[in-house]
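Notes follow once the structure below has been shown.
So that the names make sense, note that chain A is the first sequence line, chain B the second, and so on, each numbered from 1.
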Amino acid sequence: MLAYLHIPFCDSKCHYCAFNSYDTKSTLKKAYMSAINDQLRFELEQNAIEKQSIRSLFIGGGTPSCIDAARYEPFFALITPYLTPDAEITTEANPHSATLSWLQTMHALGVNRISFGVQSFHAQKLAFLGRNHTPVTAIRAVENAFNAGIRNLSVDLIYATAYDTEALLNEDLRIACSLPINHISAYALTLEENTPFFGRNETTNPSEELARAFVASIVEAGFPQYEISNFGRYQSRHNTGYWLHENYMGVGAGAVGFFDDRRFYPPSEIEAYVQNPLARRTEMLSLEDLHVEKIFLGLRSNVGVLTSLLSQRERENAAILLHEKKLVQINDRLFNQDYFLSDELALFLTR
Amino acid sequence: MQSRIRNFSIIAHIDHGKSTLADRLIQECGAVSEREMSSQMMDTMDIEKERGITIKAQSVRLTYVKDGQPYILNLIDTPGHVDFSYEVSRSLASSDGALLVVDASQGVEAQTIANVYIAIEHNLEIIPVINKIDLPAADPERVKDEIEHTIGLDCSESLNVSAKSGIGIRELLDRIVDRIPAPTGDENAPTKALIYDSWFDNYLGALALVRVYDGTIVKGQEVYVMGTGKKHEVLNLMYPHPLAMQKTNEIKTGEVGIVVLGLKNVGDVQVGDTITDAKRKTAEAVGGFKQVKQFVFAGLYPIETDRFEELRDALDKLKLNDSSISYEPETSAALGFGFRVGFLGLLHMEVIKERLEREFDLDLIATAPTVTYKVVTTKGTSLDIQNPSELPPVNEIEEIQEPYVKATVLTPSEFLGNIIILMNNKRGLQKKMDYLSPERVLLEYEIPLNEIVMDFYDKLKSVSKGYASFDYEPIGYQAGDLVKLDVLVAGEVVDALSIIVPRISAQSRGRDFVKAMKEIVPRQLFEVAIQASIGNKVIARETVKSMGKNVTAKCYGGDITRKRKLLEKQKEGKKRMKSIGKVQLPQEAFLTILKID
């Protein structure tokens, strides 16, 4: 069992970001932080969650660090008894707003992992992306987190932007590696609908060679790849849980919860959510839906795909992929040999 | 009453304004109100309107008053493409006169000439009409000279009109009444009517559009269709009209009308057949009835192999509607179960495939079109081959013969060089070259049918900037030095891609073929080799490189459903591809042959 809390607030909105977040609604923060507790209480009860059963809590956004750390206290008071003693407790943070005291308070509340939205250490690239922090702020934030006693630290890096060259990406990586981190998330810039970047292909650098070289460099720097965008000596339990198709509770506006064969969608508008945090839309998943999800999630990560899941036809397709060395089989699982082809492999396997 | 009837067709080249002129005549006679008028009234199928061509002949009965006397004018529209020349000949056989419509700036075209000759054979009164005279480039005098020179038709009384702006339309109608002879059938003789078109109506069944030569057809009459030897009762009779057909109890001598016999199959009322009275039969059928002959054959296969029966149903239904197709089941190692379908020509093939896909919701693969080859085996037997993969092993072939046609091309002289090169590339043998004027040349070639059923027409248009026109007629078989070219995809022969080519150009065809395939086949998970071979010898190879990446960056708890839907969409897109072993080929890969020179 995993739990996810969504913080849909930001100090500013990045040019490429399509997440459910708002930079103009900060007056709602107080009401929102109260509403999430109402929903959490309901979820715990509704799903009959047992004490010490949640292996991981992840606070994402938006920008969790744009909320005063003290405002998280009631939430932690409520959820902590349900977390396993060794639970992974991660929060995302923006270098600009994650101050030393914020980090210290969060650590005191139980947070033991921080994922920093760094994106780059290159000032112009940061400005181009619409980020509101500088390279120096980012470096200091990571060091502060370490000094606050948090040992599992990750930085997000973005690549395939128009600014990227092999030299620039290597420099981003070099600086990241000089910091006390044990995890890197590296995302290719994606032009999402309803963002300023959408439809502007000139903002990207689609070079496959560059992408592959960057990924290889990250691995070489000592961060083994365990998913198309995730690398680390420490592998996030939370992320892996998603790819293992584990159940997750989704708390907050625009969060998503998943239990066995259905997904739950609370309102994504903050106002609507605050008004009724228990309202939710339910999506029923068919066996076929779940089957396909297990396959593509398994192929984009080191989770792999259980051969016993496959139909006769899919096994024939798998045999071709094994023969072509696109997949390898270890015991009863198939593993992807080239994450860049994950989706194509899933399509082929289920064709 | 026959003296008040005028039956006429319009002969025109594509784009010379036939449909617009028909619209104008209909309007002038008040058969359709302003409000009901849509352009190209006579082209009723969507495909016809989209492509701007007439596929099915249509007719309309008009009433025109001249000097206080009402006349019945039956306008008999004719298809405008060389694939449908037999229908044209039947339409002309039903007419007593024809308007020869020529674009005032374009001049006479090859197809026009061919149709005029058919009209002359049928002793039709021909009225030259120069259309589009209001265009700046119009040169009616030059065009008249050309008509006189090429066809030998007196143009001293030709009419200048503009169908678009309505110039000269009344004069034209008057001229039709004055010059086109009235029918002269024997009103008391046994019924004798020519079916010059037939089609299928969802409510009324198979309908026959007829011209009554002798006698009459009355409601309730028992009639006899001479070609099929079957008797039917006349359930209903109608006069043709593009919007609202008008019921009648009788179609009189010399008239044109629609006969409803309550039949399910258009094949029972084939174009060219004769309807007579079941008890009092006419002595002789209308001459010139031919069983339709398919010139082009291609395999049609459902992409989803389990939809074979649906394809069969669709073909059965379409055949009721268009009896000019033929089909037989066949199998392909690559494509599974399908049909070898015979067509009148390449346009007909495209139209049929499109109708099957649209009207029956099928996704189809069409294989390379081919003609019927005659193979003489070493044992002395003769085989008709309509599918290259059926060709016997080389050591059992004594000789392969292929059908030839006489092709007529008319072109402005500036494109002569291009056209001669094209004809040579297509193995054409020049038989005639006539300068009709310093600017225009008529060429005659003997050329293998196979060369012109492919994309010859498009090529001719492109080398002549659209100015050259062309027509052809079959002239029998000739032996050729031909071989089968196989195509291998990822090391496997794909039987549906095999073609028969002249040995002398096999090498270059093979190279061009694999090159064109490389452009069509999308990158896949694996590198895909595409090879051409003759016998066991590979003569050309190209490689489609493997795909670089296909993955989305983020997929966490909130993204999974969206991600699944995205994949499903990609999967839907791939459904239109055919899996051959590990490779997925798009539909158009099977028509690669049309993409090469």
Looking at [X], I'd like to know if its [atom1] atom is crowded, meaning that more than 12 non-hydrogen atoms belonging to other residues, nucleotides or ligands lie closer than 6.0 Å.
X        : atom1 : answer
B/Lys575 : NZ    : no
B/Glu492 : CD    : no
B/Arg523 : CZ    : yes
A/Arg315 : CZ    : yes

Could you please spell out the steps behind the salt bridge (Lys or Arg N to Asp or Glu O under 4.0 Å) verdict for B/Arg564 and A/Glu293?
CA-CA 6 Å; B/Arg564 188 189 69 243; A/Glu293 289 181 4; 2.4 Å; yes
If you tally heavy-atom pairs under 4.5 Å against chain A, which of B/Lys554, B/Met547, B/Gln570 wins?
B/Lys554
When B/Gly581, B/Cys555, B/Ser579 are compared by non-hydrogen pairs under 4.5 Å with chain A, the top option:
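The option with the most such pairs is B/Cys555.
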Residue-level interface, residues 328-339 of chain B with chain A, non-hydrogen cut-off under 4.5 Å
none
Looking only at heavy atoms, what is the nearest atom pair of [X] and [Y], with distance?
X        : Y        : value
A/Leu341 : B/Gly548 : CD2-O, 3.5 Å
A/Phe296 : B/Ile560 : CZ-O, 3.7 Å
A/Ser229 : B/Ala553 : OG-O, 2.7 Å

Hey, could you give me the [atom1]/[atom2] distance between [X] and [Y], rounded to the nearest 0.5 Å?
X        : Y        : atom1 : atom2 : result
A/Ser185 : B/Tyr556 : OG    : OH    : 4.5 Å
A/Phe340 : B/Asn550 : CZ    : CG    : 12.0 Å
A/Tyr187 : B/Thr552 : OH    : OG1   : 11.5 Å

What verdict does the side chain to side chain contact (heavy atoms under 4.5 Å, CB included) test give for A/Tyr339 and B/Val551, after you've listed the backbone C-alpha separation in whole Å, the side-chain angles of each residue and the deciding distance to 0.1 Å?
CA-CA 8 Å; A/Tyr339 290 132; B/Val551 66; 6.0 Å; no
For [X], is it the side chain, the backbone, both, or neither that has a heavy atom closer than 4.5 Å to a heavy atom of chain B?
X        : result
A/Glu344 : both
A/Tyr4   : neither
A/Leu299 : neither
A/Ile228 : side chain
A/Thr190 : side chain
A/Ser301 : neither
A/Leu345 : both
A/Glu246 : neither
A/Phe58  : neither
A/Ala211 : side chain
A/Asp289 : both

Could you go step by step and tell me if B/Lys563 and A/Asp343 meet the side chain to side chain contact (heavy atoms under 4.5 Å, CB included) rule?
CA-CA 10 Å; B/Lys563 168 87 211 168; A/Asp343 291 353; 2.5 Å; yes
Tell me, side chain or backbone of B/Lys582 under 4.5 Å from chain A's heavy atoms, or both, or neither?
both
Counting only non-hydrogen atoms closer than 4.5 Å, does B/Glu568 touch chain A with its backbone (N, CA, C, O), its side chain (CB onward), both, or neither?
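It is the side chain, since no backbone atom gets that close.
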With B/Phe526, the side chain to side chain contact (heavy atoms under 4.5 Å, CB included) member among A/Lys326, A/Lys325, A/His323:
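Only one of A/Lys326, A/Lys325, A/His323 forms a side chain to side chain contact (heavy atoms under 4.5 Å, CB included) with B/Phe526, namely A/Lys326.
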Look at A/Asn317, A/Asp338, A/Leu189, A/Thr350 and state which one has the largest set of heavy-atom pairs under 4.5 Å with chain B.
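Ranked by contacts with chain B, first place is A/Thr350.
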Counting heavy-atom pairs under 4.5 Å with chain B, the top scorer among A/His6, A/His238, A/Glu208 is A/Glu208
Quick one: do B/Thr561 and A/Glu283 satisfy side chain to side chain contact (heavy atoms under 4.5 Å, CB included)? Show the steps, please.
CA-CA 9 Å; B/Thr561 286; A/Glu283 176 196 11; 2.8 Å; yes
